[in-house]
Amino acid sequence: MAVSVSGPAVEGVQAPVKKQRIRQIVLNLENCILTEDKLNNTPSMQDGLDREVETDLRFIGCEFIQTAGILLKLPQVAMATGQVLYQRFYYSKSFVGHNFEIVAMACVVLASKIEEAPRRVRDVLNVFHHMEQLRRKKTPEPLILDQHYMTLKNQVIKAERRVLKELGFCVHVKHPHKMIVTLLQTILLSENNDRLVQIAWNYMNDSLRSDVFVRHPPETIACACISLAARMLQIPLPTNPNWYEVFRISEGEIEDVAFRIFSLYARPEVDVDRVDKIVKDLRAKQQEEKRLKALGTLAKTVTIADEKVAETTVVPLNKILDSNTTALYGPVKKVSGVETKGERDRYKDEDRHRDKDRSRDRTGEKSREREKSRDQGRDRSRERARERSQDRSKDYRRRSSSSEDRSSRKKRKRRSRDRSRSVSLDRRRKHRHRRSRSRPRNTSRVY
């Protein structure tokens, strides 16, 4: 798709036209169908995993998701979404590089969110822990909230993000369950045949353990399940014209889906521990190869660096120094070339030791300053305590010396108080007498 962008118009000048190419993006609600190349050459097979072992791992993972969904009381559409996401993820990533049980937990969590029935990561971990104990025939015990639990929880959260990233956040799944009911009621007119609907529904749920959802569209899978259920119950289906031609489906596609569904029932019981051991051995072998490859690359790099010996050239002093500088130091050596790894390591070690010595000296100075300030504070507190004790002793001596003449002081106070009282009484009497003598007599009487 091309978009033309024009600039501002200038009088007399034609504005240049720029064409911007935009990538075309197609979004639809159809399930992603993989090509034969991706189906026959999976990442797990490229890592050395056998096809039968990969099929067992796909079956085990889908079985874990279905059982966990039942224990978590999830709707069937959420379990189906989780199994389809699990199948899609392992066509872009390898079972060797990613633990299938962690990815199964992540698919359960993600599918519950997609179908609007979210479950906590803790609940999913508890359910898978319970399933593992039952599989190993142990007494069910609750999952302990320790460091292992936290590590496992973080792995599930990261695996959920990885699934979203690998699928490009296109996690929509078109399920054929409703198509079975609609097709039987409208086209085949089998409204009262509940057993036919139930058996076709069961075949549909069992087909989730296989990879038919990445090989065929949902209409083909629905028609194959109806065909298997009708064949089992010996119910004739319209043949003139064929009932499945309304979806433009061929008989070969229906037979391919039916064969893959029937192959699930013919598979023997899978030993989870054996399959897990095979994957762990391949993973350990792959990690060892990567380690040896890294060591070989490092050794080759060191050899090349050692072979490049630094070249030394004697340059006359007058070509480097100024004319005012005397030639007391002799010729100057100009080093050209690449330093060896040993020299670089030695320089790094010297710098590191020098930094350590400096930090140690700074730490020693700071500790000495802290000790000095601590000693000074201790001396000041001791001096204050000594002064307080001296003041308390002086007060005690003063109080003890004054307690001897306490009674005499009381007597003196009493005498002075009595004297002041007597003086005040005498003054009052004299003042009263003086006032009485100075007041004129009133000899006139009124009758």
Side-chain angles (χ1 to χ4, degrees), residues 25-34 38 42-43 57-95 98-131 152-182 201-222 225:
I25 299 175
V26 178
L27 295 178
N28 53 30
L29 297 180
E30 299 294 332
N31 291 346
C32 59
I33 307 301
L34 303 180
K38 290 186 178 181
T42 61
L57 287 170
R58 292 180 182 277
F59 182 85
I60 293 169
C62 293
E63 190 70 27
F64 283 177
I65 293 173
Q66 181 71 24
T67 308
I70 294 173
L71 294 176
L72 290 169
K73 297 181 180 180
L74 285 172
Q76 179 60 34
V77 63
M79 304 181 212
T81 301
Q83 295 177 58
V84 174
L85 295 179
Y86 179 84
Q87 295 280 355
R88 290 181 185 176
F89 176 76
Y90 278 113
Y91 274 108
S92 61
K93 289 295 180 180
S94 172
F95 280 99
H98 303 275
N99 191 345
F100 75 95
E101 192 171 1
I102 301 295
V103 175
M105 297 181 195
C107 289
V108 171
V109 176
L110 182 58
S112 66
K113 295 177 183 178
I114 294 171
E115 303 301 337
E116 298 182 358
R119 296 294 186 269
R120 298 184 302 175
V121 180
R122 179 178 177 179
D123 297 337
V124 176
L125 292 176
N126 288 329
V127 165
F128 271 81
H129 178 70
H130 180 75
M131 290 162 50
L152 190 61
K153 183 177 179 181
N154 293 331
Q155 289 177 355
V156 172
I157 295 173
K158 291 180 181 179
E160 181 186 4
R161 298 174 183 172
R162 193 177 297 112
V163 170
L164 285 171
K165 174 180 174 294
E166 291 300 326
L167 299 182
F169 289 85
C170 296
V171 292
H172 173 76
V173 179
K174 186 178 179 181
H175 296 289
H177 294 76
K178 292 182 180 179
M179 297 179 187
I180 294 176
V181 180
T182 304
W201 192 281
N202 293 339
Y203 278 127
M204 177 66 62
N205 291 333
D206 293 340
S207 67
L208 294 168
R209 274 75 164 177
S210 64
D211 57 351
V212 294
F213 279 85
V214 295
R215 292 178 177 270
H216 301 281
E219 293 82 6
T220 306
I221 302 172
C225 294

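Nothing here was measured: the structure is a model prediction, and the numbers come from that model.
- Every residue was checked against the salt bridge (Lys or Arg N to Asp or Glu O under 4.0 Å) condition with Glu115, not counting sequence neighbours, and none meets it.
- Put simply, CG on Leu125 and CD1 on Ile102 are 8.0 Å apart, with the number rounded to the nearest 0.5 Å.
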N/O donor to acceptor pairs below 3.5 angstrom from side-chain atoms of residues 152-167, sequence neighbours left out:
residue: Asn154; atom: ND2; partner: Met150; partner atom: O; Å: 3.2
residue: Glu160; atom: OE2; partner: Lys113; partner atom: NZ; Å: 2.9

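- Atoms CZ and CG, on Phe128 and Asp123 in that order, are 12.5 Å from each other to the nearest 0.5 Å.
- For Leu71 against His130, the heavy-atom pair with the smallest separation is CD1-CD2, 4.4 Å.
- Checked by atom type and distance alone, the side chain of Arg88 never pairs as donor or acceptor with a backbone atom of Val214 at under 3.5 Å.
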Next on the checklist: Apply side-chain contact (heavy atoms from CB on, under 4.5 Å) to residues Lys93 and Val103 and explain how you reach the verdict.
Outcome noted: CA-CA 11 Å; Lys93 289 295 180 180; Val103 175; over 6 Å; no
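- When all heavy atoms of Cys107 and Leu85 are compared, the closest pair comes out as SG-C, 4.2 Å.
- When side chains are defined from C-beta on, Val127 does not count as touching Arg119, because their heavy atoms never get closer than 4.5 Å.
- Every residue two or more places apart in sequence or in another chain that forms a salt bridge (Lys or Arg N to Asp or Glu O under 4.0 Å) with Asp211 is listed here: Arg215.
- In this view, Tyr90 and Tyr86, Phe95 satisfy the ring pair (Phe, Tyr, Trp, His ring centres under 6.0 Å) rule, not counting sequence neighbours.
- Nearest heavy atom pair, residue Ser207 against residue Ile221, reads OG-CG2, 4.1 Å.
- For Glu101, the salt bridge (Lys or Arg N to Asp or Glu O under 4.0 Å) criterion is met by no residue, not counting sequence neighbours.
- Summarising the geometry, atom CZ belonging to Phe59 is positioned 11.0 Å from atom CD belonging to Gln87; distances are rounded to the nearest 0.5 Å.
- Taking the six-membered ring for Trp and thresholds of 30 and 60 degrees, His98 and Phe89 have ring planes more than 60 degrees apart, a perpendicular arrangement.
- The two residues Trp201 and Val181 have their closest heavy-atom pair at CZ3-CG2, 4.1 Å.
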Please set out all donor-acceptor pairs under 3.5 angstrom arising from side-chain atoms of residues 72-79, sequence neighbours excluded.
residue: Gln76; atom: OE1; partner: Gln66; partner atom: NE2; Å: 3.3
residue: Gln76; atom: NE2; partner: Asn205; partner atom: OD1; Å: 3.2

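- Scanning both residues, Tyr91 and Lys38, for their nearest heavy atoms gives CD2-O, 3.8 Å.
- Taking all atoms of both residues into account, the shortest heavy-atom contact from Lys174 to Met179 is CE-CE, 3.4 Å.
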